[in-house]
Structure formats: structure tokens, C-alpha cells
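Reading through the C-alpha cells given below for one structure.
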Amino acid sequence: MPTNPLLRSYPEQPQVWDEMFRSGDVRPEYQAFVAALADLAGAEMTRKDELAKKLFMSQGITFTVYSSGEGIEKIFPFDVIPRIISNSEWLRIEAGIKQRLKALNIFLKDIYHQQFILKDGVVPAALVYSCPQFLREMMNVAVPHDVYTHIAGVDLIRDHDGEFYVLEDNLRTPSGVSYMLENRSITYRIFPDLLPKSNVLPVKDYPDLLYRNLQALADRQTSDPTVILLSPGIYNSAYFEHSTLARLMGIQLVEGRDLIVHNHFVYMKTTKGLEKVDVIYRRVDDEFLDPLAFHPDSALGVPGLYWAYRKGNVAIANAMGNGVADDKAVYCYVPDMIRYYLNEEPILKNVPTYQLENAEHRELVFKDMDKMVVKRTNESGGYGMLIGSAATEQEMAAFREAITADPRSFIAQPIISLSSTPCYIDGKLQPRRIDLRPFALCGPDGIDIVPGGLTRVALREGSLIVNSSQGGGSKDTWVLGN
């Protein structure tokens, strides 16, 4: 183990892939960073850690936890030790995500139009039709440029063998990109010389790429289409992100009450009168977008928006009805979609998954529930989940009962030993489990992925749950240049 006292006390973990160390040696991609750490005494690292916390506090980098009972907003926990990915590993991740999103985008177009994949029996029709996120209102709707998944966040984990797996696809209103941008900004403040010296690829282009892709969706023949970001409002868990992205793109941040539909066109209320809207980057869920078409009690949406969209008078990113493609039961079939639509083998693997509607799978999972992660197919944020190794018999019995009553709504996966990375906690380096959410932007000209993403950290010792709503935090993700 290295001579630096910070590194010397770091424990080895059998059967866990450590991102920084391999058999006591520092991995090549981390060597420049570790050499810089050698010049930092413990007191200096603590000072940098405190500075990062003060910067997050002063800049109001927050998220909301609805269930904590501790108030609304919390400062987003940040760890100062970056997660570093080599260039060759990143190129494989990038190729795998692009391949996956191409297939998922074709799948969405297919199931809302000809439904070839259902007719050929590759994906069971009953599985799609029983998905709560399958919107029959989207059948035969012409989507601009046939792009459904304009913004996607694909969650990746690394197993003990070093192999990357896709844990889930987020294709509705994926969040977290503002924390990726802020993490990089804070890292520049605390390690000002280290990023350029290490040849770390930039992530700052994300807002420009997003804005360019949104502009390209506009149907109007104008050089300056009106693009807006539609938010549910200040009480939404990701409101900090909504305001950050609107500011960085230089567009208006609006709520449903700021918009009106007239003659199937969408207008924004301004101090100068009504202004026609061409493109809406929406962060409001499908069921709340239009009270006339979906949830009649919704005060978050815009009456008439669905018909304006259906007639092609406004573009919406992401498209309505995308949730059917990130249903956790449909996830099982993404490798088959890649083979069916692209005639290619998947570059990134799925985590082995049991569909609990299948009686044999159900029996197997019930028998070995202490070795499984059981998830509800339409929950997110770490909710509706049971990790068998940390669950009580009473909790497992409650899940068995719920699964028996509604097996379609559950899947199970073997517990994956997530890779770990050093985190600076209480003045020393401690291993904590992580995942990675890269963000992909799909537009008429193809797919762009900024090199990096949001590395989420399970800050509780021994925990495998990285979600911020469940006590997780994040760290900067460095992708090294060639």
C-alpha cells in the first residue's frame, strides 16, 4: 500500500472492485491524482472538504426529500475525491449507451405505430399494454424527427469482476445533470491545477448541446425559436436543476399557469403580451401535463397541451409515453430489442432479472429472497425496493404478499456487489459503493454524450443504495483524454 498516510489506512475489500486500487497498487488512471494527494496533509484535505461544503451551501445546491420529515430542502452531499474513468473504458461505455438508446427510440416509435416487435413475439404485448406508462393517447402521433428520448440518463454499475452493467434506463424526466455540472465547478475550485494536468475531458458543453438539440425540434421557419423549460414548481425535488438548466441555456423557466393554449397553439404569458412557444423541455410527468387529456385534477399542466402537441404545433422533450420503455419489466427485453432492431449484440449487459409474473421465477425468488433485490417496476429514487440481505423476515413476508397480489408490478435481481471508491469521510479515506449515470442527448443529428456523468455514492457505511433520497451523495466524474 502507498506510503501516504491517507492511502495507507485505506482497507482492502475482497470480492469488491475498487476503482482506485488493485491488489494494493494504484490503478493507472488514478496515479496522477494520487501523486497530487501525496503533497496534501490531512489538515489540507479537511480544509478542501470544508470549502466544498461551504460552496454547496452558499450556492444553494440542494435537493428535496419528501419523506424525511426534516423540512423541504437539503444540501446535496458531495465527496471531494473524484471517480476517474480511463479513456478506453469510456469509449466502450459511450458506444454501449448510444447502441441502447437507438434501440429504445426505435422501440418507442414501433409500439406507438406498427408494433412489429409485438406482432413478432419478441416483446409480449400483454407486458406493454399492462404498463401504467403506456399512453394509448400517443398511438399514431407523429413525433418531430421520430426522436422520443431527447434526454436520457442510463444508470451503470460495475460488478466485482470489473464488468459494467446497465441497471436501469431513465427516459421520462431524468434528473441529476445539474449536480454533474456543479460537481465539476466545485472541483475546479478545490483542485484548480489538477484537472488540466490530468487531461480531464470537459462536461461544460452540456447546456449548449441541450439547447441546440431543443432548437432543432422547432417546426416554425425561424432562426430564433422560443424554447422554454416547464417545471412543476419550487416544491419539486429537482427544482434546483430546473432553474440551473434554464439559466445556463438562457431560456424562460415557467410553470403551467404561465402558459395558455389557443387554437391549438401554445403561448407564454409575458409583460408584453402572449408569446408563441415552439419547444417545451418539460420536467412534469405525463399524467400531469394536460388536465383535459390525463389527470383532471392536475394544476401543474396546461389545458389543451396534448392536442397542440398531437397537431404538431409544439415540440415536447421528452416525448409523452416514454415511461413504457423504462418500465423495469420491459428492461429485461432491451438486449432483445438491440438484436431485433439493430441486428447487433449488446455492448453493455443487463443485470440478470427475474420477472415475477413468471411463476417459476417467483418461486425461485421467494426461496432466495435474502440474496435478491426486489423492485417495483414503476418506482424510482430508491423507493419501493427491498434488499434481501438487509431486510427482516417481516419485511420479506410483506413483499411476498404484495408480489402474490400483483406480480406484474415487481421484478427481482441478484444482489450485485457494486464497485467501491475512496471517499474522504471524517478525516480519512473510506470505501463506499457507487454507480454512474451518464447523460445522453438525442437530436435530429444523432446522439451526444458528455464525457462523464453523475457518480452517486452510498455514503452510509455498508449501504448499496446510492439515491440522494436514501442518504446518498455524489462525486465528480473524470473521464481522461486519450
Side-chain angles (χ1 to χ4, degrees), residues 97 100-113 115 117-118 123-141 143-144 146-155 166-177 230-232 236-238 241-242 280-291 293-295 298 300-301 305-306 309-310 315-334 336-337 350 353 355 357 375-385 406 408-411 437 439-442 467 469:
I97 290 174
R100 195 171 179 95
L101 291 179
K102 280 179 192 172
L104 284 164
N105 197 70
I106 298 170
F107 170 72
L108 283 163
K109 183 186 177 185
D110 188 17
I111 60 162
Y112 286 122
H113 290 83
Q115 300 190 333
I117 200 166
L118 305 185
V123 175
L127 186 70
V128 170
Y129 294 144
S130 63
C131 175
Q133 308 298 332
F134 177 70
L135 286 188
R136 284 158 179 79
E137 292 86 353
M138 283 298 291
M139 289 298 298
N140 299 313
V141 174
V143 170
D146 290 334
V147 177
Y148 285 77
T149 55
H150 308 90
I151 302 103
V154 179
D155 291 347
V166 176
L167 185 63
E168 61 183 55
D169 308 286
N170 298 281
L171 308 178
R172 284 176 262 182
T173 54
S175 62
V177 75
L230 175 62
S231 169
N236 184 263
S237 62
E241 174 154 302
H242 306 166
I280 299 174
Y281 173 25
R282 56 91 173 214
R283 297 299 294 262
V284 176
D285 291 339
D286 287 347
E287 60 265 39
F288 302 111
L289 268 177
D290 183 347
F294 306 117
H295 203 304
S298 171
L300 303 177
L305 179 59
Y306 166 74
Y309 178 57
R310 188 172 183 111
I316 297 178
N318 281 339
M320 299 180 197
N322 274 14
V324 66
D326 65 15
D327 182 290
K328 290 179 177 65
V330 174
Y331 156 92
C332 307
Y333 293 92
V334 176
D336 296 322
M337 293 177 202
N350 270 19
T353 303
Q355 288 184 287
E357 206 169 19
K375 302 176 182 177
R376 288 187 179 272
T377 54
N378 283 289
E379 289 275 6
S380 59
Y383 298 107
M385 186 166 82
D406 182 16
R408 164 62 178 83
S409 295
F410 293 87
I411 55 112
R437 178 178 289 182
F439 295 93
L441 297 170
C442 310
N467 306 80
S469 55

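Each residue takes its place number in the sequence, starting with 1.
One finds the CG atom of Asn236 at 8.0 Å from the OG1 atom of Thr173 (value rounded to the nearest 0.5 Å). Interatomic distance, CD1 of Ile97 versus CG of Asp169, reported as 9.5 Å (0.5 Å rounding). Of the inter-residue distances, the one linking Leu289 atom CG with Ile316 atom CD1 reads 6.0 Å to the nearest 0.5 angstrom. To the nearest 0.5 Å, atoms OG (Ser175) and CZ (Arg437) are separated by 5.5 Å. Rounded to the nearest 0.5 angstrom, Leu171 CG and Leu108 CG are separated by 7.0 Å. Distance check, rounded to the nearest 0.5 Å: CG of Leu230 to CZ of Phe288 gives 13.0 Å.
Every residue meeting the side chain to side chain contact (heavy atoms under 4.5 Å, CB included) condition with Ala125, not counting sequence neighbours, appears here in chain and number order: Leu118, Tyr129. The salt bridge (charged side-chain N to carboxylate O under 4.0 Å, His left out) test applied to Asp110 returns no partner, not counting sequence neighbours.
Using the six-membered ring where Trp is involved, Tyr112 and Tyr148 have ring planes that are parallel, under 30° apart on the 30 and 60° scheme.
For the pair Pro144 and Ala315, the tightest heavy-atom approach, listed with the atom from each and the gap, is CG-CB, 4.1 Å. Here the closest non-hydrogen pair linking Val324 and Val128 is CG2-CG1, 4.0 Å.
For the pair Leu441 and His150, the minimum side-chain heavy-atom distance is 4.5 Å or more. Annotation: side chain of Leu305 is in contact with side chain of Ile280 (closest heavy-atom distance under 4.5 Å). Residues Lys328 and Thr353 are not in side-chain contact: their nearest non-hydrogen atoms beyond the backbone lie 4.5 Å or more apart. Counting heavy atoms from C-beta on, the side chains of Ile151 and Pro174 come closer than 4.5 Å. A heavy-atom distance below 4.5 Å is not found between the side chains of Asn105 and Leu101. Between Met320 and Phe294 the shortest side-chain heavy-atom distance falls below 4.5 Å. For the pair Tyr331/Val166, a side-chain contact is recorded, criterion being any heavy-atom separation below 4.5 Å from C-beta on. Contact annotation: the side chain of Pro232 approaches that of His242 to within less than 4.5 Å [non-hydrogen atoms, C-beta and beyond].
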May I have the step-by-step check of side chain to side chain contact (heavy atoms under 4.5 Å, CB included) for Asn170 and Phe439, ending in yes or no?
CA-CA 10 Å; Asn170 298 281; Phe439 295 93; over 6 Å; no
Phe107 vs Lys102, test: side chain to side chain contact (heavy atoms under 4.5 Å, CB included). Steps then yes/no.
CA-CA 9 Å; Phe107 170 72; Lys102 280 179 192 172; over 6 Å; no
Please assess Ile111 against Ile117 for the test side chain to side chain contact (heavy atoms under 4.5 Å, CB included), listing each intermediate value before the final yes or no.
CA-CA 7 Å; Ile111 60 162; Ile117 200 166; 4.2 Å; yes
Stepwise side chain to side chain contact (heavy atoms under 4.5 Å, CB included) test for Asp336 and Val123
CA-CA 8 Å; Asp336 296 322; Val123 175; 5.8 Å; no
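Electrostatic pairing of Asp327 and Arg408 counts as a salt bridge here, judged by a charged N lying under 4.0 Å from a carboxylate O. A salt bridge links Glu241 and Arg283; the closest N-O separation between the charged side-chain nitrogens and carboxylate oxygens is under 4.0 Å. One finds no salt bridge joining Asp286 and Arg172 here, because no Lys/Arg side-chain nitrogen approaches an Asp/Glu carboxylate oxygen to under 4.0 Å.
Checked by atom type and distance alone, the side chain of Ser130 pairs as donor or acceptor with a backbone atom of Leu127 at under 3.5 Å. No donor-acceptor distance shorter than 3.5 angstrom exists from the side chain of Arg282 to the backbone of Ser231, with no hydrogens or angles considered. Under a 3.5 Å cut-off, the side chain of His113 and the backbone N or O of Lys109 do form a donor-acceptor pair.
Of the residues listed (Met139, Gln133, Glu137), the one engaging Leu135 in a side chain to side chain contact (heavy atoms under 4.5 Å, CB included) is Glu137, and it is the only one.
Side chain to side chain, Ser409 and Arg376 fail the donor-acceptor criterion of an N or O pair below 3.5 Å. Side-chain atoms of Arg100 and Asn350 form a donor-acceptor pair, as typed in the model, at a separation below 3.5 Å. Inspection of the Gln355 and Tyr333 side chains reveals an N or O donor paired with an N or O acceptor under 3.5 Å.
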